[in-house]
2 protein chains.
Amino acid sequence: MLDVRRLRLLRELDRRGTIAAVAEALAFTASAVSQQLGVLEREAGVPLLERSGRRVVLTPAGRILVTHADAVLERLELAVSQLAGAREGLGGPLQIGTFPSGGPAIVPATLAELARRHPALEPMVREIDSARVSDGLRAGELDVALVHDYDFVPASPDTTVDQVPLLEEPMYLATGRTADSTPATGPAAPGGTLAELLGPWATSPWITAREGTTGHAMAVRACQAAGFQPRIRHQVNDFRTVLALAAIGQGAGFVPEMTTEHAPEGVALTRLPLFRRSKVAFRAGGGTHPAIAAFVAAARTAVQGLGNR
Amino acid sequence: MLDVRRLRLLRELDRRGTIAAVAEALAFTASAVSQQLGVLEREAGVPLLERSGRRVVLTPAGRILVTHADAVLERLELAVSQLAGAREGLGGPLQIGTFPSGGPAIVPATLAELARRHPALEPMVREIDSARVSDGLRAGELDVALVHDYDFVPASPDTTVDQVPLLEEPMYLATGRTADSTPATGPAAPGGTLAELLGPWATSPWITAREGTTGHAMAVRACQAAGFQPRIRHQVNDFRTVLALAAIGQGAGFVPEMTTEHAPEGVALTRLPLFRRSKVAFRAGGGTHPAIAAFVAAARTAVQGLGNR
DNA sequence: CGTATGCGTAAGATCAACTTATGCTTGATG
DNA sequence: CATCAAGCATAAGTTGATCTTACGCATACG
């Protein structure tokens, strides 16, 4: 019978690319991983990986085996979720990941709600780059994570992670009131098309999230969709900083509705036909785990509360 | 992560009822099984089994976990099948189970065909009671098995075993020509209803398969469906013996079409609206294994050949 | 070209799993 | 009711698998 622990190593190798990375993620030495994969390969009777330069890559047979590993591990995840459901009372640590700068609004409210309902639960929050959420979940460093996706930035399909939607909020264009072209319109201005709304700022400097983030990609592609290439001056992830910079006329930027509440003086906000979706992500098969379900429920009511304020 | 080896033990415990039986089937000591199940239970955090007299029974949580174990093991079986498919060439041992007395006709023809197509394959045949086929497959003593089912005898649904149909043949009523009521009609006589055909033999002694077999159950229920309780005189599994006994006027019995070919003198055969279905069984998920597929294909052509003789 | 990275093998250490030995409870039997 | 066998669980010891350490080799990178 194939050993599932070894299949897990193969799966991580497929995701992370090198044996060393797998070893690091799962707290082994590279040697141990190499040996175990060797055993797996011998048991399989088919070459599963071959060297390519100083790395290894999976053979077609290896990649097929990974799909089975995914299925098996998902089912095991489902099993532990059911077991946790059978155990009455909800307690123990819950590792929560959150996008950087997503913290201030949603996370505290969610944790407060969660603590009220399940005092025995020990939530542990850690900021994590959205690109690394999937790895963190698979490695067991994370149990749930708050993630985003934007229009124009397709979410990469990942069968090892399930997601449930939490919140869909419009994005706003933040600009300085002193700017030349359009006068301040105030929040919730009735919009035109994206091109009409962004067009006047085509030559303005822009403030976007840091390169390599989905927020950055969203900004660039939204501007491209409006027919121009943004001239990026500032790269800042924190939306309050974006608002502050926009307020003093340093450029135009995108901010989600949630952060417009305490916008500084002098910033003009224009609602865009462009949305950010917040979601809760967890390991595939883990959706029925009571702690996960509780977190999702708490996050939902927390988000409700934020919306009504 | 739950250990699949331990889940397998739990599954076998569910099927076999006692830890001792599990240990015997999987070539462990009872102590080892007990310890491993203890570890599994501790990891699960929920009671999985409880003592009942001097045995143990699964708790509801334990039974749920078994369904997950079934799913996981099926997927692993599928994975090894695919791996075997990726490995070119077909060889190695193939453990074949066959119903007792099913041997003489189908098995040799199938093996001949199989050897012709895949000389490297080493088929190993062993007779096995149909009730134990499922256990044998799960324990790995068997890879494929020829099994039957009859009308009136519902096949017990078993998610751990897959079956593909091989042959459907009518049953015949075998009686002596010297008998009082109906004259000999010869093979392939056009039938009436089951009650019409069996009715005349309601008071005759009967020859059935041994008690506890599906053949026996089929005979009893067919007679009951015809409106009488058979008076069973002989219990014999071998159909040629059944025919011989019927020929000398020792009673009426059921035989499948395949065995009617060399029927002795003095036996009258009446085709019945009653069928026996032969199937090939294998572990769930193993249907794509090349050796299994090859066996099924060989059995199919072998059966064709028998039919045309 | 030196240097760092990544993989693999060999040898020793560590830990999990299995067996043997033993005791307890339960159900069957005379 | 006494006796016995079946079945399970625990303790202690052994074995085997798995992991780490140490090292060599090939490859990319500055």
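Naming convention: chains lettered A, B, ... in sequence-line order (proteins, then strands); numbering from 1 in each chain. For the numbers below, each heavy atom of this structure counts, side chains included, while hydrogens, waters and symmetry mates do not.
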Novice: What residues from residues 10-28 of chain A pass a heavy-atom cutoff of under 4.0 Å to DNA chain C?
Specialist: A:T18, A:I19, A:A20
Novice: My understanding is that only residues two or more places apart in sequence, or in another chain, count here; which of them pass side chain to side chain donor-acceptor pair (under 3.5 Å) with A:E12?
Specialist: A:R16, A:R138
Novice: Under 3.5 Å, is there a donor-acceptor pair between the side chain of A:H216 and the main chain of A:A209?
Specialist: yes
Novice: With a cut-off of 6.0 Å (strictly less than), are more than 12 heavy atoms of other residues, nucleotides or ligands near CD of A:Q95?
Specialist: yes
Novice: Can you tell whether the side chains of B:D70 and B:R11 come within less than 4.0 Å, N to carboxylate O?
Specialist: yes
Novice: Please list every donor-acceptor pair under 3.5 Å in which a side-chain atom of residues 282-293 of chain B meets a protein atom from a residue at least two apart or in another chain.
Specialist:
| unit_1 | atom_1 | unit_2 | atom_2 | d |
| --- | --- | --- | --- | --- |
| B:R283 | NE | B:E77 | OE1 | 3.1 |
| B:R283 | NE | B:E77 | OE2 | 3.1 |
| B:R283 | NH1 | B:L137 | O | 2.6 |
| B:R283 | NH1 | B:L142 | O | 2.8 |
| B:R283 | NH2 | B:D143 | OD1 | 3.2 |
| B:H289 | ND1 | B:A291 | N | 3.1 |

Novice: Could you check whether any side-chain N or O of A:S52 sits under 3.5 Å from a backbone N or O of A:R55, counting only pairs where one atom can act as donor and the other as acceptor?
Specialist: no
Novice: Starting from C1' on C:dT25, measure out to CD on B:E50 and report it in whole angstrom.
Specialist: 16 Å
Novice: Does OP1 or OP2 of C:dT19 have a side-chain N or O of B:T29 closer than 4.0 Å?
Specialist: yes
Novice: Rounded to whole Å, how long is the line connecting atom CZ of A:R8 with atom C1' of D:dT18?
Specialist: 16 Å
Novice: Mind checking whether B:Q229 and B:Q224 have side chains closer than 4.5 Å, heavy atoms only?
Specialist: yes
Novice: Let me check something: any side-chain donor-acceptor pairs from residues 32-39 of chain B under 3.5 Å, sequence neighbours excluded? List them with distances.
Specialist:
| unit_1 | atom_1 | unit_2 | atom_2 | d |
| --- | --- | --- | --- | --- |
| B:Q35 | NE2 | B:S31 | OG | 3.0 |
| B:Q36 | OE1 | B:R6 | NE | 2.7 |
| B:Q36 | OE1 | B:R6 | NH2 | 3.4 |

Novice: Minimum heavy-atom separation for B:T159 to B:R15, with atom names?
Specialist: OG1-NH2, 4.4 Å
Novice: Return the value, rounded to whole Å, for the distance between atom CG of B:L9 and atom P of D:dC8.
Specialist: 13 Å
Novice: Could you check whether A:V39 gets within reach of a base, just the sugar-phosphate, or nothing at all, counting any heavy atom under 4.0 Å?
Specialist: nothing
Novice: Could you go over nucleotides 27-30 of chain D and give all protein N or O partners under 3.5 Å, atom names and distances?
Specialist:
| unit_1 | atom_1 | unit_2 | atom_2 | d |
| --- | --- | --- | --- | --- |
| D:dT27 | O2 | A:R54 | NH1 | 2.9 |

Novice: Could you tell me whether A:M124 atom CE has more than 12 heavy atoms of other residues or ligands within 6.0 Å of it?
Specialist: no
Novice: Whole-Å distance between C:dC7 P and A:L49 CG?
Specialist: 10 Å
Novice: Side chain of B:R210, backbone of B:Q235: donor and acceptor closer than 3.5 Å?
Specialist: no
Novice: Whole Å only: how far is the CZ atom of B:R5 from the C1' atom of D:dT18?
Specialist: 13 Å
Novice: Identify the pairs formed between an N or O of the protein and an N or O of nucleotides 10-17 of chain D at a distance under 3.5 Å, and give each distance.
Specialist:
| unit_1 | atom_1 | unit_2 | atom_2 | d |
| --- | --- | --- | --- | --- |
| D:dT10 | O4 | B:S31 | OG | 2.9 |

